Protein chains: 2
Amino acid sequence: MEFSCDRKTLANSIGIVQKAVSYKTTMPILKGIYLELKDDRLKLIATDLELGIEHEIEVDTRKEGNTVVDARLFSEIIRKLPDAEIDLTLKSDNQLNIKCQNSEFNIICHDPNEFPALPVVEEDYIYKIPQDLLKNMINQVIFATSQDVTRPVLTGALLEIENDILNMVALDGYRLALSRGKVESVLDNKVIIPAKTLSEISRIINEDDENMDIILTKRHALFKINNTKLITRLLEGEFINYKQIIPSEYKTKIRVRTRDLLNSIERASLVAREGKNNLVKLKILDGKIYISSNSELGEVKEEVFIELMGNELEIAFNSKYIVDALKVIEDEEIYIEFTSNLSPGIIKSTTSDNYTHLILPVRLS
Amino acid sequence: MEFSCDRKTLANSIGIVQKAVSYKTTMPILKGIYLELKDDRLKLIATDLELGIEHEIEVDTRKEGNTVVDARLFSEIIRKLPDAEIDLTLKSDNQLNIKCQNSEFNIICHDPNEFPALPVVEEDYIYKIPQDLLKNMINQVIFATSQDVTRPVLTGALLEIENDILNMVALDGYRLALSRGKVESVLDNKVIIPAKTLSEISRIINEDDENMDIILTKRHALFKINNTKLITRLLEGEFINYKQIIPSEYKTKIRVRTRDLLNSIERASLVAREGKNNLVKLKILDGKIYISSNSELGEVKEEVFIELMGNELEIAFNSKYIVDALKVIEDEEIYIEFTSNLSPGIIKSTTSDNYTHLILPVRLS
């Protein structure tokens, strides 16, 4: 293996695949990045056996080949070299020689045959979705995935394709986040993607509306974004029937400025935080919502102007769940619907049906 | 106590004193900020009994008084309130009422009589020094203070005033950093200031050349910067006679571009890091210095152009100590002087005598 390439291009490519490297592993080979040089293209691959990331760049090939380099060391070397052309040569003693201006490294490599191959994903059917839309949808739901590994399906998000609509859903037993977007599709589908994969996709994809590809098989999902492929294992199991959970009727509905409500609840939670449940109380009256909270540190009262439709209501929430949801909403104004102080609050857009956030209340003693 | 003030001004003031708050203390009162309102001025004080910071702002006073508020809660409340006028009132039940637009807090206060008074520092003699100079001098030496609490004097830096020169010195047994600057003085002096105090001063002072005041007593130092006073306990004990340590002669002297040497040593240390001593070897020849390092991960060779005066030399260092020193040097080029591979390397400016860094070598086996 022998090639030259530009430092910045290589550093960028390492940065993309590096997130799939498993640094805490009992399999040392997984701490590496697999390099494969063929036809003037260098392929970089990293995997933690759940998520695999592959990225390709064009390089100036002198001799094809493959090897595995320590991810951390290789990335730091390439990051610290001068911004110039780098020459890389795999030598017969299995060391990778890296030359750049007045610097020369020889780093010990691993056997590329030990590196686990990424699963082969048959590209029978390809869904197309704009990159910025998928990024935004992930952002809208990922915080609501569960950390509780005893219920694996909840540590991911459901991707449900019905006609040309993609519903992305996450829930953790206390709140549910649903995001909805248009996808090019004629084939319905339903898979559960691990949260870590979604957050890596969101990190890699661009903020533009260029389409990317999604391929779903029984056990895997493949996301193709420009020169990058992400292949992830799906979470096995049945996702909760989320549609049943979301009430379609309400007795109280408010219209409120998102930012005003967010700021007031964040302030109220400063005093509440010392307690365990971050409890904030909402008293919904005609024209105003009174938000209050107290602990041994003191008390706080906030007033936010609202438009009330339906009944007045007193209800309490864990402030964290409201704050998490309001933070990802870009609409200036939102609706919140309630049925009683024992049933969830439902946050909806005033301008579209792109998202729904459901938050369980805390029972007041 | 009753007053109004602008949110930003108060938030800024809290930010300044907050660094002296001791959050991990067995004395709950020290988790607070002392507020004293008198003559249209609000004084904020925090202390951890070693360092005290006092800051004053002008406010619109309606009733004088004093109290102590929980530092963390108060700071977060003021930070999160809208950018507007805030009304603060100490109520008879010892709660501080904070009103701002549609927000109202009542936070429980502590007894201000329990708050320890800052030491009184007699301002018999005042040294004057430009703020940016002191900031730069602190930056030049603070990293060389020791973390080893069994030798308390080394956890601070010596401030030695001789004629109108301030020498600031820190050393930890492996390296020494000396910074030199002009001070307005007719009174020689010698004190040891805790590293934490110096880093707080550096954080607070501006990057401009306006003078600040330093007052030194037997047990304390007072730094006055605009509306801020920092009062610190001095470290007791005798500082090492550092002048004796710095050799005045050399057998090898090089002139090198600071940035080139720094980059090469940083790269060399990538491979060395796995070992315990970060060992990098320097082979100093006429016109070039060869830097090398190796570990079970691989090896690295770097070449840096130099101008050599005197003998060729092979010597080894802990790369961290060289990197720390080179990072704070702004000169484009430096001198480094050596006597043998068992005696320290001395880094000096090529343009002034503002700093000296001394680094002990590692004996090669």
Side-chain angles (χ1 to χ4, degrees), chain A residues 31-32 69-70 72-83 91 93-110 259-274 288-305 323, chain B residues 31-32 69-70 72-83 91 93-110 259-274 288-305 323:
Chain A
K31 294 182 188 170
V69 289
D70 182 82
R72 193 173 278 146
L73 181 62
F74 189 57
S75 104
E76 295 208 353
I77 289 171
I78 304 305
R79 200 159 52 84
K80 295 257 182 186
L81 283 174
D83 261 333
K91 298 192 302 181
D93 61 355
N94 204 26
Q95 297 205 16
L96 183 67
N97 178 271
I98 305 169
K99 269 191 201 161
C100 181
Q101 292 184 349
N102 293 321
S103 302
E104 180 174 358
F105 285 84
N106 284 299
I107 63 173
I108 291 159
C109 297
H110 301 273
R259 180 79 14 206
D260 290 354
L261 185 63
L262 174 60
N263 290 343
S264 282
I265 290 187
E266 282 196 312
R267 282 193 293 269
S269 72
L270 293 178
V271 166
R273 219 174 27 188
E274 295 298 304
K288 257 191 190 171
I289 183 167
Y290 291 87
I291 299 161
S292 65
S293 182
N294 60 67
S295 73
E296 72 278 13
L297 291 176
E299 53 172 29
V300 49
K301 285 175 203 152
E302 294 273 339
E303 293 177 23
V304 180
F305 293 105
V323 167
Chain B
K31 294 182 187 170
V69 289
D70 182 83
R72 193 172 278 145
L73 181 63
F74 189 56
S75 104
E76 295 209 353
I77 290 171
I78 302 305
R79 200 160 52 85
K80 294 255 182 190
L81 284 173
D83 260 333
K91 298 192 303 183
D93 60 356
N94 204 28
Q95 298 204 15
L96 183 67
N97 179 271
I98 306 168
K99 270 190 201 161
C100 182
Q101 292 183 350
N102 292 322
S103 301
E104 180 174 357
F105 285 83
N106 284 299
I107 62 173
I108 291 159
C109 296
H110 301 273
R259 180 74 22 202
D260 290 353
L261 185 63
L262 174 60
N263 290 343
S264 283
I265 290 186
E266 283 195 311
R267 282 193 294 268
S269 72
L270 293 178
V271 166
R273 218 175 27 190
E274 295 298 302
K288 259 192 191 172
I289 183 168
Y290 291 87
I291 299 161
S292 65
S293 182
N294 60 69
S295 73
E296 73 278 14
L297 292 175
E299 53 171 29
V300 50
K301 284 175 204 152
E302 295 272 338
E303 293 176 23
V304 180
F305 293 105
V323 167

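Below, chain A is the first sequence line, B the second, and so on; all start at residue 1. Everything numeric in this text was worked out from a predicted model, so none of it was measured.
Contact check for B/L270 versus A/L73: side-chain heavy atoms found under the 4.5 Å cut-off. The side-chain heavy atoms of A/P82 and B/R267, taken from C-beta on, include a pair separated by under 4.5 Å.
Ranked by heavy-atom pairs under 4.5 Å with chain A, the first of B/R79, B/Q95, B/E266, B/R72 is B/E266.
Applying the side-chain hydrogen bond (donor to acceptor under 3.5 Å, both in side chains) criterion to B/S293, with sequence neighbours excluded, gives no partner residue. Under the rule for a side-chain hydrogen bond (donor to acceptor under 3.5 Å, both in side chains), the partners of A/N97 that lie at least two apart in sequence or sit in another chain are A/E104, A/N106.
To the nearest 0.5 Å, atoms CG (B/N263) and CG (A/N102) are separated by 11.5 Å. To the nearest 0.5 Å, atoms OG (B/S103) and CD (A/E303) are separated by 9.0 Å. Taking CG from B/L297 and CD1 from A/I107, the interatomic distance works out to 8.5 Å, rounded to the nearest 0.5 Å. Rounded to the nearest 0.5 angstrom, B/S269 OG and A/E76 CD are separated by 8.5 Å.
Residue B/I98 does not touch chain A at all, counting heavy-atom pairs closer than 4.5 Å. The parts of A/L81 that come within reach of chain B are both its backbone and its side chain, each placing non-hydrogen atoms under 4.5 angstrom from that chain.
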